[in-house]
Amino acid sequence: MSTGLSVTSLSYSYGTKRALSDVSFDVAPGRFAALLGPNGAGKSTLFSLLTRLFTTRDGTIRIAGFDMAKTPRQALQKMGVVFQSPTLDLDLTIRQNLNYFAALHGLSGRDARARIDHALERLQILDRAHEKARNLNGGHRRRTEIARALIHAPSVLLLDEPTVGLDAAARQSITDHVHRLCAEEGLTVLWATHLTDEVFDTDQLVVLHQGRIRAQGDCAALRGDAPLKDYFLATTGIPA
Ligand code: ADP
């Protein structure tokens with residue numbers, strides 16, 4: 001059974017407004033896929049379908065081989081999600097935030113503590129565990145959310161524009177961290193962004209524009225000799 005992510009012929013409309021049209025792509029186990037698209041491309045809509053906030057009869061989503069429509073519990077169990085809007089409780093410490101999430105997944109006691117420590121260690125913020133989320137900068141809050149998304153040991157990690165609102169240094173740090181998680185731990189990653197400098201040459205690239213896939217493949221092969229910014233402009237008609 002595949003441990004990656006598979007989307008087949010997915011379509012979605014808000015009333016008469018078509019937001020996604022016949023979207024298909026696969027992310028192989030252990031690969032980092034950048035879902036690149038300008039504002040309004042349909043990235044958030046796709047994430048809402050991937051996380052089952054929305055449902056559709058048009059198309060199929062498989063997470064680690066589990067069909068989202070037929071076996072949603074298993075599919076969601078295999079998935080970690082970092083949403084675009086921050087979702088930490090600022091009045092709780094980092095550890096309390098993660099404890100709460102662990103409890104939601106039925107984890108408690110020594111097992112929960114070990115998993116939380118491991119997740120915080122992976123994101124290099126274990127030493128901040130006792131601090132209130134409010135006292136952390138934006139980059140560390142985001143790292144905490146990524147650590148939280150990993151507590152239940154998912155094989156697929158989804159991040160919807162996770163660097164929005166961060167300064168350049170924090171943006172770079174988060175981007176590097178998640179690429180490393182993918183390379184070193186075999187996590188399958190789907191990273192939505194409208195920023196070409198968050199995409200590495202070694203990434204799989206999926207370009208979404210006006211609800212349709214415009215290109216997909218290895219980033220280096222797709223862009224050839226052109227900077228990714230130019231390739232993006234040529235593919236979508238929109239400057240990155
Ligand atoms: P992105 O995340 O790439 O910016 P979205 O998924 O938010 O794109 O939006 C895709 C399209 O769907 C856009 O044209 C947007 O205006 C439209 N859209 C998004 N949410 C709604 C909604 N609740 N009602 C109607 N149209 C929507």
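Counting convention: from 1, in listed order, for ligands and their atoms alike.
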- Cluster overlap F32 with L159, hydrophobic side-chain contacts below 4.5 Å: yes
- Query: For ligand 1, which atoms sit closer than 4.0 Å to a heavy atom of A41?
  - Reply: 1 (P), 3 (O), 8 (O)
- Query: Which of the atoms in ligand 1, numbered in the order shown and given with their element, are less than 4.0 Å from a heavy-atom of A19?
  - Reply: 12 (O)
- How are the rings of Y14 and Y12 set to each other: parallel, tilted or perpendicular (split at 30° and 60°)? perpendicular
- Item | Identity and distance of the protein heavy atom lying nearest atom 4 (O) of ligand 1 | G40 N, 2.7 Å
- Would you mind running through ligand 1 and noting each atom that sits below 4.0 Å from a heavy atom of N39? 4 (O)
- Query: Does R214 CZ have over 12 foreign heavy atoms under 6.0 Å away?
  - Reply: yes
- Task: Within a distance under 4.0 Å of any heavy atom of P38, pick out the atoms of ligand 1 and give their elements.
- Result: 3 (O)
- Item | Nearest-contact summary for atom 8 (O) of ligand 1 - protein heavy atom, Å | G42 N, 3.0 Å
- Have T60 and D67 got a donor and an acceptor in their side chains that come within less than 3.5 Å? no
- Task: Identify, by atom number and element, the atoms of ligand 1 in contact range of T45, meaning under 4.0 Å from any of its heavy atoms.
- Result: 5 (P), 6 (O), 9 (O), 10 (C)
- Item | Nearest non-hydrogen protein atom, atom 15 (C) of ligand 1 | K17 CE, 4.5 Å
- Message: Going by the closest heavy atom to atom 7 (O) of ligand 1, which one wins out of S44, G37, G211?
- Response: S44
- Distance flag for atom 23 (N) of ligand 1, protein heavy atom under 4.0 Å: yes
- Distance only, no hydrogens: is a donor on one side chain within 3.5 Å (strictly under) of an acceptor on the other, for E161 and H194? yes
- Under a 4.5 Å cut-off applied to non-hydrogen side-chain atoms, are Q210 and R18 in contact? no
- Judged by heavy atoms only, the candidate from Q84, E161, K43, R18 nearest atom 3 (O) of ligand 1 is K43
- Tightest non-hydrogen contact, residues L35 and F47, listed as CD2-CE1, 4.2 Å
- Item | Nearest-option assignment for atom 27 (C) of ligand 1, heavy atoms, candidates F54, Y14, Y12 | Y14
- Would you say the side-chain atoms of S48 pair up with the backbone N or O of L53, donor to acceptor, closer than 3.5 Å? no
